[in-house]
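The structure under discussion appears below in the form of structure tokens.
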Amino acid sequence: MGIGEALGGLALFLMGQSQAASALQGLGGSSFRRLLVRATGRVERALAVGTFLSLFVQSGSALIASAISLIEAGILGPASGLSLSVGAILGATAALQLVAFHVYALALPMIALGYALSLVPFGRRVGPAIGGIGLLFFGLELLTQAFAGLQQSPLFRLLLGSLESTPALGFLLGLGFAALVQSANATAALALALVSSGAAGLPLGVAMVLGGNAAAPLPALWVALRGGTAGRRVAYLHLLFKLALAVLGVLALPWLVALVRWLGGDPAREIADAHTFFNLVAAFAIVPLARPLARWGERLWPERGGTISPKYLSEEALGQPEIAFSLALREVVRIGDQVLKMATIAQECLSQGQGGAEEIAYHEDKVDRLTHAVVLYLAQLYPKGPSERSMNLLLLANELEHLGDLWRHLLKQQDKLQASGLEFSREGRGELVEAVRKVRERLQQALTALATARNELAEEVLQGRSQMEETLRSLRQAHLARLADGRPESQASSSAHLDMLATLDAIDAGVSRVAELTPRIFA
């Protein structure tokens, strides 16, 4: 056997992989998409959903492409989307684990059975899946036999000898091949065939596996490039994460090879284990890194444009209440981000004694417009369900809008005082800045609980309300003490000072109401 047979075997493997993946996706139908929607919230859940679905679909790239569309629609957040992408590649490694059992004898019977089932009505959906898996097995067997025959070629031995002596070249070969065929599994299968046939050693095979996994996010990236910033951002982060991890794997190649040898099995099993092990490490690593990476990505690839309009609400999704509710929730989280920006602006302006009316007015206008859009959207969703959760989400959106109004009012008090040529006392300003900082931190904690569905965080906010009330009470007493001492600045700014403390109390009460509504939304 020669090059022609190797290329033919590879083509059959890729055809089988594509056919099986398409058929399995068809069998899953809309239920797979509903499961994808459940990946919202915790990164651990997103990782588990991605792995579980990919175990059945056996196409990590196709699953990630579907996830990209949900990220663009706002159903999946960036951290969840990144975790789901890593899980999708992990689940797809099951195909190579199955191949490593040397089930080649089943290949032709499975192709025949798949074809026969596709001819009858009840088997038209499952037949192509069975036949595709058979083609995958048969193609890999041909590829292995072809490489065994090619060992007689001096040129082939010379080429492999060069690759064996330089692991980085094996990594680049795997990277280039995966980019060409758009499949990390196909690259691992090529490495498996080379090592199983005796044409290559285990270190070269593992280096190729690492290269293939580094390029695994590329197919989804090509899809994301045609979409918006949110999808591209997640695809870029996935690629950089896998590339960095794969480079670390190459640097630790001797230890990685020793580990898969220690796990045992024949050469085919060792390659399959290396493929799965790399993706297991990626899965464990992404859980603590997903959110920091997502935040870094937002700074590196920010959204373009400054239009004030809903980003996630979709009229088409109203026919699927759960998806529509997830979209509305994402938009409400976006409103919360704007309110938090207003709080940050207020804190900075008060600390520096500067006005920020124009900037904070822009964000308040954005909050008002987005809240109006969410209210209209939820009004359409309410008759279709989930009605109680929709009502709580509507109340929460209105609460956030009210908080935006209060933050603007807070800053207006300083602007009004300064327009009269007056100023807070040094101690008074310091106390107000510290109070704003504490209320802002509580707002951030409440919004984090909302964005991540962490009810324990919301409970912490509720428990901290009494302490914040006591803090504000002590600040009023400190101001009254300065008035009693006859401090001129305190007397001149007393009305504004007390009004700001009352406003902060109202803001903090609103923050507590946000925390109180959060568990009801996720009930």
Side-chain angles (χ1 to χ4, degrees), residues 37-42 70-81 230 291 294 298 303 307-318 320-344 363-382 384-408 440 442-455 457-458 461-462 507 509-523:
V37 173
R38 293 182 180 274
T40 56
R42 293 179 179 273
L70 295 179
I71 292 167
E72 293 289 353
I75 298 173
L76 284 181
S80 295
R291 296 195 186 283
E298 287 173 356
E303 294 282 353
T307 56
I308 302 176
S309 60
K311 181 179 178 181
Y312 301 122
L313 305 183
S314 169
E315 296 293 328
E316 292 79 8
L318 287 169
Q320 297 175 282
E322 285 294 336
I323 293 179
F325 182 82
S326 296
L327 291 172
L329 176 57
R330 286 290 297 164
E331 200 68 57
V332 170
V333 170
R334 187 179 175 215
I335 294 170
D337 291 340
Q338 295 301 313
V339 174
L340 186 60
K341 287 179 182 178
M342 294 178 72
T344 303
H363 290 288
E364 186 191 26
D365 187 31
K366 193 167 187 177
V367 167
D368 291 345
R369 294 194 188 193
L370 294 179
T371 302
H372 179 69
V374 167
V375 169
L376 293 179
Y377 191 78
L378 289 173
Q380 296 179 71
L381 177 62
Y382 185 77
K384 304 173 183 179
S387 57
E388 188 66 27
R389 293 169 66 200
S390 297
M391 178 58 70
N392 286 324
L393 188 59
L394 187 148
L395 293 173
L396 198 149
N398 285 330
E399 192 62 54
L400 289 174
E401 183 183 25
H402 182 54
L403 287 175
D405 295 338
L406 290 172
W407 281 116
R408 187 178 185 187
R440 182 197 169 281
R442 282 173 44 76
L443 172 63
Q444 185 173 25
Q445 187 176 16
L447 293 175
T448 300
L450 175 65
T452 59
R454 293 177 63 185
N455 292 341
L457 273 183
V461 173
L462 289 172
I507 291 173
V511 169
S512 295
R513 284 191 290 273
V514 169
E516 184 181 356
L517 286 166
T518 294
R520 301 179 192 175
I521 289 169
F522 298 105

Separation between CG (Leu462) and CG (Leu457), nearest 0.5 Å, reads 11.0 Å
Between Val367 and Leu400, which heavy-atom pair has the shortest distance, and what is it?
-> CG1-O, 4.3 Å
So Leu394 and Val374, side-chain contact (heavy atoms from CB on, under 4.5 Å) or not? Walk me through it.
-> CA-CA 8 Å; Leu394 187 148; Val374 167; over 6 Å; no
What heavy-atom pair brings Gly336 and Leu447 nearest, and what distance separates the two atoms?
-> O-CD1, 3.2 Å
One should read off an interatomic distance between Leu329 CG and Arg334 CZ, to the nearest 0.5 angstrom, of 14.0 Å
Might you work through the side-chain contact (heavy atoms from CB on, under 4.5 Å) test for Arg389 and Glu322, ending with a clear yes or no?
-> CA-CA 10 Å; Arg389 293 169 66 200; Glu322 285 294 336; 3.6 Å; yes
Would you call Arg369-Asp365 a salt bridge at under 4.0 Å N-O?
-> yes
Out of curiosity, His363 NE2 to Trp407 CH2, how far, rounded to the nearest 0.5 Å?
-> 14.0 Å
How far apart are the closest heavy atoms of Ser390 and Phe325, and which atoms are they?
-> N-CE1, 3.8 Å
Just grab all the side chain to side chain donor-acceptor pair (under 3.5 Å) pairs involving residues 391-402, residues at least two apart or on different chains.
-> Glu399-Arg513
About how many Å separate OG of Ser80 and CZ of Arg291, when rounded to the nearest 0.5 Å?
-> 6.0 Å
Give, for atom CG of Asp368 and atom CD of Gln338, the distance between the pair rounded to the nearest 0.5 Å.
-> 11.5 Å
Which pair of heavy atoms, one from Arg440 and one from Ala343, lies closest together, and at what distance?
-> CG-CB, 3.8 Å
Of the non-hydrogen atoms in Ala373 and Leu313, which two are nearest, and what is the gap between them?
-> O-CD1, 3.7 Å
Can you tell if the side chain of Leu403 reaches within under 4.5 Å of the side chain of Ile507, non-hydrogen atoms only?
-> yes
Between side-chain atoms of residues 515-523 and protein atoms elsewhere (two or more places apart, or another chain), which donor-acceptor pairs fall under 3.5 Å?
{"from": "Glu516", "atom 1": "OE2", "to": "Arg520", "atom 2": "NH2", "distance (Å)": "3.0"}
{"from": "Thr518", "atom 1": "OG1", "to": "Val514", "atom 2": "O", "distance (Å)": "2.9"}

Drop me the distance from Leu396's CG to Thr371's OG1, to the nearest 0.5 angstrom.
-> 10.0 Å
Where do Ala449 and Ala458 come nearest, in terms of heavy atoms and distance?
-> CB-N, 3.6 Å
